[in-house]
Structure formats: structure tokens, C-alpha cells
Amino acid sequence: EAPAFALDPSIEHRPLGSDTKQLPAIAKVPALVPLLAGLRRAIVASRPDAVLSFMAQTNVLTLLATVGLEVPVVVSEQCNPETKATTAGERLAPVRLVAGRLRDRCYARARAVVVQTEGVRAHYPPAVRRNMVVIANPVVAPEARAPDLEIARPTVLSMGRLAEPK
């Protein structure tokens with residue numbers, strides 16, 4: 001899959017050629033074996049001083065792929081795991097429980113786990129928290145105040161994340 005944004009010419013993009021998003025859950029586990037092997041080969045071939053990983057699933061895969069390697073791995077967790085678990089729905093509860101335990105075991109191996117708040121840090125077990133670093137979002141929100149608007153009734157109001165996909 002091609003990057004969504006233009007990359008600096010000094011960056012080498014190495015697609016791993018394995019997309020498991022469309023697979024049914026039961027087929028994803030066997031499909032991860034070649035993905036982990038390809039990721040490990042790419043990491044070894046690049047001879048990095050350190051590996052930086054972003055996004056929960058990628059973090060876990062990266063930590064699994066680097067087992068036994070001497071390279072330090074730093075992962076960044078941008079989600080509040082507690083909120084993510086409750087929004088997934090009841091039918092996914094057992095899967096989320098197993099995935100959360102695997103994530104915690106892998107995160108305990110990381111050289112550092114970067115989170116944005118102490119609240120997120122507090123969610124994790126002590127074995128993970130000892131390697132955690134809180135780096136708060138550098139964006140300072142302006143002081144909130146009620147808008148000076150006259151709104152006609154009835155009104156339809158929509159809110160969403162200000163993210164690229166939206």
C-alpha cells in the first residue's frame with residue numbers, strides 16, 4: 001500500500017505486502033506469521049539504532065518481530081485503552097481481553113512506551129508503567145467560552161474528530 005502522504009526523499013518506504021484488514025478474524029492469526037517475518041527481515045536489513053512504532057496493533061507486531069534482537073524499541077500509544085475497550089461492543093470483549101493482555105506483555109519489553117497523559121499511564125500494569133514516559137500533546141487549547149450566536153430552532157448539530165480521514 002502506498003503512503004497517504006509524500007515522503008521525504010531520504011526516507012525509504014518498504015511495503016511488507018501483507019494486509020490482514022479484510023480477512024475474517026480466524027484467518028488473521030496465520031496471516032501474521034509471514035507479516036512478522038517480513039517485518040523482522042526489514043528491521044534487521046535496515047540495521048537501525050532504534051525502532052520507533054506508532055499505533056497499538058503495529059506496536060505489538062513490532063515488539064513481537066524484534067524478540068531476540070538487540071535493537072531498542074520505543075512505542076507510542078495514542079489511544080486510551082479503557083475507552084477503546086468499552087466502545088468495541090460486548091461481542092468483542094473476549095478478543096479485547098486477550099489482545100489487551102498480549103499488548104501489556106509486549107509493552108513490558110519495550111525500551112519505552114510513550115503516552116500522552118498520566119490517566120492513560122495509570123491504566124497499565126506496573127510492569128508496563130515502569131517503561132512509560134508521558135509526553136503531553138503540545139497543542140494548547142484556547143480558553144473555552146460560549147459562542148455569541150443566535151441559533152434558530154430546530155437545529156441539527158454534528159461533531160467529529162478533526163482527523164485526515166474525516
Side-chain angles (χ1 to χ4, degrees), residues 1-89 91-138 163-165:
E1 182 175 321
F5 300 97
L7 299 176
D8 184 278
S10 67
I11 296 173
E12 181 182 347
H13 178 239
R14 294 184 186 189
L16 298 177
S18 180
D19 185 7
T20 63
K21 292 176 195 160
Q22 304 303 324
L23 295 176
I26 195 72
K28 285 185 181 189
V29 174
L32 291 176
V33 173
L35 176 63
L36 287 169
L39 179 57
R40 184 181 182 90
R41 279 192 302 275
I43 291 169
V44 169
S46 67
R47 299 178 40 210
D49 294 321
V51 174
L52 304 176
S53 178
F54 300 86
M55 299 172 35
Q57 291 177 356
T58 303
N59 293 343
V60 170
L61 293 174
T62 300
L63 288 161
L64 289 172
T66 56
V67 168
L69 301 180
E70 297 293 322
V71 63
V73 179
V74 176
V75 300
S76 177
E77 177 61 70
Q78 299 292 315
C79 297
N80 181 338
E82 197 170 289
T83 302
K84 192 171 185 178
T86 59
T87 59
R91 70 180 181 82
L92 292 179
V95 173
R96 294 278 181 204
L97 180 64
V98 170
R101 288 194 176 145
L102 176 61
R103 178 203 59 220
D104 292 349
R105 301 260 333 242
C106 288
Y107 278 13
R109 290 192 56 254
R111 175 69 58 92
V113 179
V114 178
V115 296
Q116 290 184 307
T117 68
E118 286 293 339
V120 170
R121 183 179 186 276
H123 172 80
Y124 288 91
V128 177
R129 283 196 309 259
R130 69 181 165 78
N131 295 335
M132 277 193 166
V133 177
V134 175
I135 300 177
N137 188 337
E164 186 70 26

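Taken to the nearest 0.5 Å, the CG atom of Asn137 stands 11.5 Å off from the CD1 atom of Ile135. Taking CG of Leu39 as the start and CZ of Arg14 as the end, the distance is 11.0 Å to the nearest 0.5 Å. In this structure, the separation between CZ on Arg41 and CG on Leu36 is 10.5 Å, given to the nearest 0.5 Å. In this structure, CD on Gln57 lies 11.5 Å from CZ on Arg103, to the nearest 0.5 angstrom. Atoms OG and CG, on Ser53 and Leu63 in that order, are 7.0 Å from each other to the nearest 0.5 Å. The distance from atom CD of Glu77 to atom CZ of Arg121, rounded to the nearest 0.5 Å, is 14.5 Å.
With a 4.5 Å cut-off on side-chain heavy atoms, Leu64 and Cys106 count as touching. Side-chain contact between Thr62 and Val75 is absent, with no heavy-atom pair separated by less than 4.5 Å. The shortest side-chain heavy-atom distance between Val67 and Arg109 falls under the 4.5 Å cut-off.
A donor-acceptor pair is defined here as one N or O able to donate and one able to accept, closer than 3.5 Å; no such pair exists between the side chain of Arg111 and the backbone of Val74. Using modelled atom types, one side-chain atom of Thr117 and one backbone atom of Val120 make a donor-acceptor pair closer than 3.5 Å.
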For Glu12 and Ser46, run side chain to side chain contact (heavy atoms under 4.5 Å, CB included): C-alpha distance rounded to whole Å, both residues' side-chain angles, the deciding distance at 0.1 Å, then the answer. CA-CA 10 Å; Glu12 181 182 347; Ser46 67; over 6 Å; no

Test Tyr107 against Asn131 for side chain to side chain contact (heavy atoms under 4.5 Å, CB included), laying out the working first. CA-CA 8 Å; Tyr107 278 13; Asn131 295 335; over 6 Å; no

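Applying the side chain to side chain donor-acceptor pair (under 3.5 Å) criterion to Arg105, with sequence neighbours excluded, gives no partner residue.
Contact between Ala122 and Arg129 at its shortest, heavy atoms only, is O-NH1, 3.6 Å. Taking each heavy atom of Val133 and Ala112 in turn, the nearest pair found is CG2-CB, 4.5 Å. Taking every heavy atom of both residues into account, Arg130 and Ala108 meet most closely at NH2-O, 3.9 Å.
For Asp8, the CG atom is densely surrounded, since the number of other residues' heavy atoms within 6.0 Å is greater than 12.
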